[in-house]
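Structure, as structure tokens:
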Amino acid sequence: MDYRMYDLIEKKKHNVTLTEDEILWMITEYTAGRIPDYQMSAMTMAIWFNGMTDEETTWLTMAMAKSGEMLDLSSIPGTKLDKHSTGGIGDKTTLIVTPILAALKVPVAKMSGRGLGFTGGTVDKLESIPGLRSDFSEEEFLRIVREVGFIDAAQTKELAPADKLLYALRDVTATVDSLPLIASSIMSKKLASGADRIVLDVKCGSGAFMQDPKSARELAGQMIRIGELAGRKVVAVISDMNEPLGHAVGNTVEVLEAMEVLRGKGEERLRELCLTIAVEMLQLSDQARSSREEAVEAVEETVRSGAAYEKFLEYVRAVGGDADYIRNAVEHVSGGEIPESPVETEQPVPVLSEKEGYLAACNNAEVGMTSVMLGAGREKKGDSIDMEAGILILKKLGDYVKKGETLAVLYTKKPEVLPAAKARLLAAYNISDEKPGTGPVILDILR
């Protein structure tokens with residue numbers, strides 16, 4: 001049946017619920033180019049003001065998921081898992097969690113994005129490994145999951161094309177920050193990817209899209225409800241993003257920090273978040289343990305035994321990457337949580353504290369933008385990345401720092417940006433005479 005976009009805009013303007021058929025027609029026609037941007041802009045603004053019901057949001061999600069390819073993972077034995085992070089600074093959890101699950105014989109079929117703005121992309125981090133591929137045909141994608149146990153591929157152009165069009169439109173019409181539109185954007189890609197069970201890492205804080213725990217819980221709850229109505233089991237971990245996750249911000253530096261965690265070392269908060277996500281995914285799988293304590297022990301054992309680290313190297317080899325590069329680089333930084341110089345080809349530049357006191361707060365988005373200035377990220381699509389540029393944060397919130405003490409180390413091939421980058425990073429931190437209370441990295445788990 002044909003509808004008129006004018007009539008649908010009129011309905012949503014007056015907060016009248018759209019039907020499943022109306023939403024499917026709207027997304028189909030818009031993806032085909034038969035609904036102009038100005039009408040879809042009016043619709044997204046009406047949604048921004050009036051919201052959507054859970055049913056409407058699910059119908060929108062499914063329509064966007066079905067606007068392109070829907071991956072069929074049935075040739076992979078067992079229950080297939082996926083994870084998604086809503087984005088943050090220093091977030092290398094996927095690099096750690098997926099080989100842990102694969103070592104436990106839990107297949108993870110994951111597609112990831114590239115970084116844009118102050119948030120890094122998992123695909124960029126993986127591609128910092130020489131020779132590693134991230135673009136695969138569907139046949140290759142399925143074969144690698146069957147043979148290795150996991151994959152972390154670049155999202156294909158055919159996956160949820162309606163979401164790409166809608167997001168680009170929302171980005172320039174001030175309608176990005178709508179919960180139903182955020183939830184449907186994320187979940188449409190996850191449902192199109194074909195996984196049976198999904199664990200979401202919903203970030204909140206100064207380095208995340210959701211600024212406070214209440215908003216993060218609302219978004220997580222909406223995505224869980226979408227999953228339920230679409231026949232998927234979804235669990236959401238709410239995590240803190242008020243400072244960088246771990247010590248490293250960049251591409252190569254984050255891969256090397258992830259390897260430290262896979263070898264039983266690494267920063268405590270990063271380890272805790274990764275192990276928590278891995279446990280939640282394990283308990284959703286066919287390999288679930290009889291108790292949470294047993295699941296925690298199983299996850300930790302894959303790290304202690306080296307099985308997860310070796311599984312990551314197996315994946316690197318399977319997708320054309322240089323596993324010896326990883327081994328050699330890990331040996332170079334081994335021996336401490338904070339390597340003095342993890343990237344041999346770049347000169348480390350210290351950032352010295354101008355005050356004495358406790359690190360009380362961090363504008364985490366500014367830390368991310370500092371890494372972009374250094375060359376580690378993109379300000380706009382198509383920008384090139386210096387894989388070896390980045391930041392090592394030596395002090396964490398609650399730590400005491402002396403005047404003149406090294407707060408962080410910068411890596412860049414662009415010496416001309418160093419004065420501004422140093423100033424921006426220093427301005428991102430608030431130093432206080434009083435020691436602040438520090439909160440947990442895991443704020444909640446919603447099932």
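For the single chain, residues carry numbers from 1 onward in sequence order.
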Exercise. Is the shortest heavy-atom distance from the side chain of K203 to the side chain of F209 under 4.5 Å?
Worked result: no

Exercise. What do the steps show when you test M387 against K125 for side chain to side chain contact (heavy atoms under 4.5 Å, CB included), and what is the final call?
Worked result: CA-CA 8 Å; M387 292 297 188; K125 293 165 193 176; over 6 Å; no

Exercise. Do NZ/NE/NH1/NH2 and the carboxylate oxygens of R304 and E301 come within less than 4.0 Å?
Worked result: yes

For this session: Please collect all salt bridge (charged side-chain N to carboxylate O under 4.0 Å, His left out) contacts where either partner lies in residues 367-377, sequence neighbours excluded, each pair once.
Result: none

Exercise. If we only count heavy atoms from C-beta on, is the T406 to V401 side-chain gap below 4.5 Å?
Worked result: no

Exercise. Closest heavy-atom contact between I151 and A109?
Worked result: CG2-CA, 4.1 Å

For this session: Only pairs at least two apart or in different chains count here, so list each salt bridge (charged side-chain N to carboxylate O under 4.0 Å, His left out) that has a residue in residues 144-155.
Result: R143-E147

For this session: Not counting sequence neighbours, which residues clear salt bridge (charged side-chain N to carboxylate O under 4.0 Å, His left out) with K105? List them please.
Result: none

Problem set entry | Inter- and intrachain pairs under side-chain hydrogen bond (donor to acceptor under 3.5 Å, both in side chains), touching residues 437-447, at least two apart | R217-D444, E280-R447

Exercise. Given the rule in the side chain to side chain contact (heavy atoms under 4.5 Å, CB included) test, do L166 and I27 qualify, once you have shown the distances and angles that lead to the verdict?
Worked result: CA-CA 9 Å; L166 266 179; I27 294 300; 4.0 Å; yes

Exercise. Partners of T61 by side-chain contact (heavy atoms from CB on, under 4.5 Å), sequence neighbours excluded?
Worked result: T57, S184, M187, S188, L191, I226

Exercise. Just checking, is any N or O donor in the side chain of S353 or E405 under 3.5 Å from an acceptor N or O on the other one?
Worked result: no

For this session: Starting from the C-alpha separation in whole Å, work towards a yes-or-no answer on side-chain hydrogen bond (donor to acceptor under 3.5 Å, both in side chains) for S206 and N363.
Result: CA-CA 6 Å; S206 62; N363 184 333; 5.0 Å; no

Exercise. Quick one: which of D212, N242, I238 gives a side-chain contact (heavy atoms from CB on, under 4.5 Å) with C204?
Worked result: I238

Seminar exercise, completed: By side-chain contact (heavy atoms from CB on, under 4.5 Å), A248 pairs with (sequence neighbours left out) K92, V253, E254, E257, L392

Problem set entry | K395/E243 ion pair, N-O < 4.0 Å | no

Exercise. For A360, what residues pass the side-chain contact (heavy atoms from CB on, under 4.5 Å) criterion, not counting sequence neighbours?
Worked result: N430, S432, P436

For this session: Go through the structure and list residues passing ring pair (Phe, Tyr, Trp, His ring centres under 6.0 Å) with Y358, not counting sequence neighbours.
Result: Y400

Problem set entry | Set of residues satisfying ring pair (Phe, Tyr, Trp, His ring centres under 6.0 Å) with respect to F150, sequence neighbours excluded | Y315

For this session: Would you list the pairs meeting salt bridge (charged side-chain N to carboxylate O under 4.0 Å, His left out) in which at least one residue belongs to residues 71-82, sequence neighbours left out?
Result: D82-K190

Exercise. Can any side-chain N or O of D91 pair as donor or acceptor with the backbone N or O of G88 at less than 3.5 Å?
Worked result: no

Problem set entry | ring pair (Phe, Tyr, Trp, His ring centres under 6.0 Å) involving W25 - partner list, sequence neighbours excluded | Y3

For this session: Report yes or no: do D21 and W59 form a side-chain donor-acceptor pair below 3.5 Å?
Result: no

Exercise. Looking only at atom types and distance, does a side-chain atom of N364 sit under 3.5 Å from a main-chain N or O of A208, one as donor and one as acceptor?
Worked result: no

Exercise. Rounded to the nearest 0.5 Å, how far does CD1 of I393 lie from CG of L407?
Worked result: 6.5 Å

Problem set entry | Residues R317 and E314 bridged, charged N to O under 4.0 Å | no

Problem set entry | Donor + acceptor pair across side chains of T94, K83 (<3.5 Å) | yes

For this session: Apply side chain to side chain contact (heavy atoms under 4.5 Å, CB included) to the pair T93 and L245, showing each step before the final yes or no.
Result: CA-CA 9 Å; T93 53; L245 186 59; 3.7 Å; yes

Problem set entry | Beyond-backbone contact of E56 with T53, side-chain heavy atoms, under 4.5 angstrom | yes

For this session: Please tell me if the side chains of M40 and M43 come closer than 4.5 Å, counting only heavy atoms from C-beta onward.
Result: yes

Exercise. Salt bridge check: are R133 and E127 linked by an N-O gap of less than 4.0 Å?
Worked result: no

Seminar exercise, completed: dist L181:CG -> Y167:OH (nearest 0.5 Å) comes out at 11.0 Å

Problem set entry | L169 and S41: CA distance, side-chain angles, deciding distance, side chain to side chain contact (heavy atoms under 4.5 Å, CB included) verdict | CA-CA 7 Å; L169 187 68; S41 297; 3.3 Å; yes

For this session: Using distance alone, with no hydrogens and no angle criterion, decide if T79 and D196 have a side-chain donor and acceptor under 3.5 Å apart.
Result: no

Problem set entry | Pair listing, side-chain hydrogen bond (donor to acceptor under 3.5 Å, both in side chains) test, anchored in residues 221-235, at least two apart | D54-R225

Exercise. Roughly how far, to the nearest 0.5 Å, is the CD1 atom of I198 from the OG atom of S193?
Worked result: 8.0 Å

Problem set entry | Under 3.5 Å: donor-acceptor pair, side chain of D386, backbone of L374 | no

